[in-house]
Amino acid sequence: MSARRIIVRIGFVLLLVVLAAVMLVIGRGHTVYFDNKTLEYEGQTYSAPYRVVVYIKGQPIAKLKARERGMKTTIGQSFGMALGITQEKDGEEQIIECFQKLPYNMDGVIINLPGYLAGLPEEAYISEFVAAPPAEDEDEAPGEDEEMLIDAEL
């Protein structure tokens, strides 16, 4: 093999590695959950507003009353949104523009809105979403249905 051919192949492999690294960063998907729940942090309580409407690109994504959660799937490492906050029932909505960098190591990101609005550090209002495992039915042993079907066929 000629030296030129080897250099071209090494260059092509390096180009693919760089392209893969760029796509890993900008193409990573996240599910962002918005919690409008009261937060306790360092002995202080941050109360949830009466209602928060999450707008993305001008469209309402989630309308959350106190103790509710909404979600949006997004691609990339940053997330822009506007929050329409109503502190009390029949109160006036206040719009706040927000921009949040998303943690690279989390697929499901929970943003506690009262903590975010209070200006707390990220570790206070951002956490990872972990789905609860499905509850198993204790009345039935695993594989019991399969054995009954086999016996019925005989």
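For the pair Glu97 (side chain) and Ala82 (backbone), a donor-acceptor distance under 3.5 Å is absent. Side-chain atoms of Asn36 come within 3.5 Å of backbone atoms of Pro49 as a donor-acceptor pair (strictly under, hydrogens ignored). A distance-only check finds a donor-acceptor pair linking the side chain of His30 to the backbone of Met106 [under 3.5 Å].
Side chains of Ile56 and Thr74 form no contact here, defined as non-hydrogen atoms less than 4.5 Å apart. Proximity of Phe34 to Val52: side-chain heavy atoms (C-beta onward) are nowhere separated by under 4.5 Å. Residues Asn112 and Leu120 are not in side-chain contact: their nearest non-hydrogen atoms beyond the backbone lie 4.5 Å or more apart. Proximity of Arg69 to Ile110: side-chain heavy atoms (C-beta onward) are separated by under 4.5 Å at one or more points. In this structure, Gln87 and Ile85 have side chains that are in contact, with non-hydrogen atoms separated by less than 4.5 Å. Under the 4.5 Å side-chain criterion, counting only non-hydrogen atoms from C-beta, Leu83 is in contact with Val54. Between Val32 and Gln100, the closest side-chain pair of non-hydrogen atoms is not below 4.5 Å.
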Passes side-chain contact (heavy atoms from CB on, under 4.5 Å), Phe79 versus Val109? Steps please. CA-CA 11 Å; Phe79 188 71; Val109 179; over 6 Å; no

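Remark: Ser47 OG to Glu40 CD distance equals 9.5 Å, nearest 0.5 Å. Atoms CG and CZ, on Asp35 and Arg67 in that order, are 12.5 Å from each other to the nearest 0.5 Å. Between Glu93 atom CD and Arg51 atom CZ the span is 6.0 Å, to the nearest 0.5 Å. If you take OH on Tyr116 and CD on Glu122, they are separated by 9.0 Å, rounding to the nearest 0.5 Å. One distance of note links CG of Leu102 with CD1 of Ile126; it measures 7.0 Å at 0.5 Å rounding. Atom CG of Asp107 and atom CD of Glu128 lie 7.0 Å apart (nearest 0.5 Å).
Residues Thr86 and Glu88 share a closest heavy-atom pair of CG2-O, 3.1 Å. Closest non-hydrogen pair, Pro114 versus Ala48, comes out as CG-CA, 3.6 Å. Residues Pro121 and Tyr41 approach most closely at CG-OH, 3.6 Å, considering heavy atoms. In terms of heavy atoms, Val53 sits closest to Pro60 at CG1-CB, 4.0 Å. Shown here for Tyr46 and Ala118, the closest heavy-atom pair between the two residues is CD2-CB, 3.6 Å. Here the closest non-hydrogen pair linking Tyr125 and Gly115 is CB-C, 3.9 Å.
Within 6.0 Å of the CZ atom in Phe99, the count of heavy atoms belonging to other residues, nucleotides or ligands exceeds 12. Atom CD of Glu123 has more than 12 heavy atoms from other residues, nucleotides or ligands within 6.0 Å.
Residue Ile96 is not grouped with residue Tyr50 when hydrophobic side chains (ILVMFWY) are merged at heavy-atom distances under 4.5 angstrom, including chains of intermediate members. Cluster membership check: Leu14 shares its hydrophobic cluster with Ile6, using side-chain heavy-atom separations under 4.5 Å among Ile, Leu, Val, Met, Phe, Trp and Tyr.
The aromatic rings of Tyr33 and Phe129 lie parallel to each other, with less than 30° between the two planes, well short of the 60° mark.
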